[in-house]
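Naming convention: chains lettered A, B, ... in sequence-line order (proteins, then strands); numbering from 1 in each chain.
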Protein chains: 2
Amino acid sequence: MASLREVAERAGVSTAAASRALRDRPGVSRETRSRVRQAARELGYQPDLRARSLRTSRTHNIGLVVPDVMNPFFSEVARAVGDVAGQREYSLLLGNSDGLRNKEEEFVNLLLQKKVDGLIVFAATSASQHLERARARGLPIVLIDRKVPGLDIIRADNEKGGTLATSHLLDLGHTRIGLITGRLDLATRRDRYNGYRYALIRAGITPDPTLVREGSVRSDHGYGAALDLLNLPAPPTAIFATTDTIAMGVLLALEERSVPVPEEMAVVGYDNTYLTVICRPRLTSVAQPKQQMGRWAATFLIDWIEQGRADGDEPVEVVLDPQLVVRESTMPGVRALQGRDLPLSGVGRSGS
Amino acid sequence: MASLREVAERAGVSTAAASRALRDRPGVSRETRSRVRQAARELGYQPDLRARSLRTSRTHNIGLVVPDVMNPFFSEVARAVGDVAGQREYSLLLGNSDGLRNKEEEFVNLLLQKKVDGLIVFAATSASQHLERARARGLPIVLIDRKVPGLDIIRADNEKGGTLATSHLLDLGHTRIGLITGRLDLATRRDRYNGYRYALIRAGITPDPTLVREGSVRSDHGYGAALDLLNLPAPPTAIFATTDTIAMGVLLALEERSVPVPEEMAVVGYDNTYLTVICRPRLTSVAQPKQQMGRWAATFLIDWIEQGRADGDEPVEVVLDPQLVVRESTMPGVRALQGRDLPLSGVGRSGS
DNA sequence: CGGGTTGACGGAATCGTTTGCGCTTCCTAA
DNA sequence: TTAGGAAGCGCAAACGATTCCGTCAACCCG
């Protein structure tokens, strides 16, 4: 309500002095400073951050674009990003792209007009002219899980993850391993797929395309595709679902068909979300360091915003190692997380 | 990059004319308009929304304060709020309060300084001077699931929900019913508790305080409290967990102790998040219309922002009816959601 | 005593818009 | 012919901060 001018008037000084006084800048005497402070307190003065930002060209807002906050994977990363941002005095403008190119583009453009200081964007589409344009305008952008030449990115090694999952199944003696995945036009999914193929080939097994089901990452696709695989003349003995959400659908299908897991069908998921310990059997899954990814992305972005770049715009690519977390869906009796570990982040809190 | 002035210069008109031209305001001739448009296109002009907002005192940003986006309940409501906001051309500034009073207050103050057009705040603490202050400054605020005199609110009828859950258990023949809940200083939780007591009393049963466990809403509390109840000389035969997340911990404890659910222990949760159909046995839960709550809150808030209020500031309280969704954790074999319904929102999508 | 340094402060421009108001110009109707 | 209206347009004042730069007084020192 009260503006700087009113504060200045009440303290009997100019707005320039008042501004300096309130922000502890030099050029104001001791007593003037306290007089201004006093006036500000009396008026309940709060600076108008958008006016400040107009002048300083810093909004202290960063944009975060995710496909869908409702997905446990994204909400966990989003949470980590939000925490770091909050600590460093930035706010988050959040948008869901639903993996749709035009939604993402529209939102990014809006954020540009709102003059965010930086952008964190999740894998959505592979096309990305709007991102390159934004980058060209000097906007700091960090990508998560999406590779675009010339842009900075943090991602987990998805090919390695795919190999990890597949090798685990191979080690258990499986040779016919099905793959259920979202659309393969996205680099990260393609990588997982390649990792799967690589592991098979390395083990001397020719990948069998009839065991691969491409679709969405929704659990209903997992459900349908799993039934589909079961109906094959020679069904697989194990399924690698490239997403925990898909795996949920797979488990449901197997349960309905009374196929014992892991005895007659082993299942591996990906992302290691908290879903893995809620379902039964508990799901073996490839873990990405979600928190770390979020925290790193936010930290890197904000450092970039505040200190510029030391490396002369050389695009950075951080690749993190995935890790396999073995649970009951591949090895009977293995729990991986004991009882008291349950309050995994995310299922930890509620409130309504 | 390009400002309105540059556009105006290039088109050979004043910024005033340019502004009017670009926003389709009257007072500009046909040809001037198209000349300005042309210039804008050539320069790739995008209006600076923060400058506009400084002048118009509308930021088209709204603040959303939730305890924790990682919680399925909140992320679903947040998603609904975001969708409505997006459609109506508002962006979301998101913050997590962790149910902590000072975090919430700090964030709300920041949003005030950033001059959001309105605020949607979830139940966190019961204290709320900062909210009243903000409201007094004329800021539109809608509360979800928290009652503060004088402020507008949308909530589900938690007392009724508590009664629903408890009566269901009573109908099944249970008489010793445990309650595991988060801290009762929050009105919504207290309401559920009261509903529980009410149902018992109505059935002629004296509520037994030794069957009540107050703590956090994390699943570990559910886990510990359930074990605790099992160790009682006369343990309950049913447990009402006032949150699905708590119920997850309860189910785990029962599984570890090999207590068959629902035969020897029935369990009811609350919120009807997608967790309920992933766990085994599937969880009976009280459903709140999450989407509807989010959509209504956003719609009401934005209408308020844009059209003011017709009702002369008479605070509105919308109370929605909860609904019991029965599943296997109380009645053997009952699924409530069939296979093809699985892709419940939230588990539906993924992406990484 | 004079010149130079230092520190406190204010004026005014600026960030990029929107908009009230007044000035032209031109058209039309009496 | 002229009054009156309407349409098109620009000036300049906002919105609320930050900041460059100049002024002024006080002070120190040789």
request  = Look at atom CZ of Arg309(A) and say whether more than 12 heavy atoms of other residues, nucleotides or ligands are closer to it than 6.0 Å.
outcome  = yes
inquiry  = I need the CG-P distance between Asp24(A) and dA8(C), as an integer number of Å.
reply    = 13 Å
task = Grab the CD-P distance between Glu6(B) and dC15(C) for me, whole Å please.
result = 10 Å
task = Tell me whether the OP1 or OP2 atom of dT18(C) has a side-chain N or O from Arg52(B) closer than 4.0 Å.
result = yes
ask   = Can a side chain N or O of Ser14(A) be found less than 4.0 Å away from OP1 or OP2 on dG10(C)?
value = yes
request  = Examine dC9(D): is either OP1 or OP2 under 4.0 Å from a nitrogen or oxygen in the side chain of Thr32(B)? Give yes or no.
outcome  = yes
ask   = Of Thr56(B) and Val28(B), whose closest DNA chain D nucleotide lies nearer the 5' terminus?
value = Val28(B)
ask   = Mapping Arg25(B) and Arg50(B) onto DNA chain C by nearest heavy atom, which one lands closer to the 5' end?
value = Arg50(B)
query = Does Ser53(A) have a side-chain nitrogen or oxygen under 4.0 Å from the phosphate oxygens OP1 or OP2 of dC15(C)?
reply = no
request  = Figure out the CG/P separation between Leu4(B) and dT19(C), and round it to whole Å.
outcome  = 12 Å
inquiry  = Can you classify the ring geometry of His60(A) versus Tyr90(A) as parallel (below 30°), tilted (30 to 60°) or perpendicular (above 60°)?
reply    = parallel
key: Phe300(A): which of Val318(A), Ile305(A), Val142(A), Ile120(A) passes side chain to side chain contact (heavy atoms under 4.5 Å, CB included)   = Val142(A)
request  = Send over the distance from Arg30(B) CZ to dG8(D) C1', rounded to a whole Å.
outcome  = 14 Å
ask   = Which part of the nucleic acid, if any, lies within reach of Pro47(B) when heavy atoms closer than 4.0 Å are counted: base, sugar-phosphate only, or nothing?
value = sugar-phosphate
ask   = Does atom CD of Glu106(A) have more than 12 heavy-atom neighbours, drawn from other residues, nucleotides or ligands, at distances under 6.0 Å?
value = no
task = Measure the distance from CZ on Arg5(B) to P on dT18(C) and round it to the nearest whole Å.
result = 15 Å
ask   = Reckon Ser19(A) has a side-chain N or O less than 4.0 Å from the OP1 or OP2 of dT18(D)?
value = yes
Length of the line joining Gln46(B):CD and dG16(C):P, which is rounded to integer Å = 14 Å
key: Phosphate-side-chain proximity, Arg23(A) and dT19(D), N/O vs OP1/OP2 below 4.0 Å   = yes
key: Rounded distance in Å - CG (Leu43(B)) to C1' (dG16(C))   = 15 Å
task = Give a yes/no on whether any side-chain N or O of Ser29(A) is located under 4.0 angstrom from OP1 or OP2 of dC9(C).
result = yes
note = note: Arg58(B), atom CZ; dC15(D), atom C1'; distance rounded to Å ~ 15 Å
remark   = Ranking dG16(D), dC9(D), dT17(C) by distance to the side chain of Arg55(B), first place goes to dT17(C)
ask   = Any donor-acceptor pair under 3.5 Å joining the side chain of Arg20(A) to the base of dG10(C)?
value = yes
Closest to the Ala16(B) side chain, choosing from dT18(C), dC11(D), dC9(C) = dC11(D)
query = Has Gln307(A) got more than 12 heavy atoms of other residues, nucleotides or ligands less than 6.0 Å from its CD?
reply = yes
task = Using heavy atoms to find the nearest nucleotide of DNA chain D for Ala17(A) and Arg35(B) separately, return the residue whose nucleotide is more 5′.
result = Arg35(B)
note = Leu54(B) has its side chain closest, among dT19(C), dG16(C), dT14(C), to dG16(C)
message = Taking Val28(B)'s backbone N and O only, do any of them form a donor-acceptor pair with Thr32(B)'s side chain (distance below 3.5 Å, no angle check)?
response = no
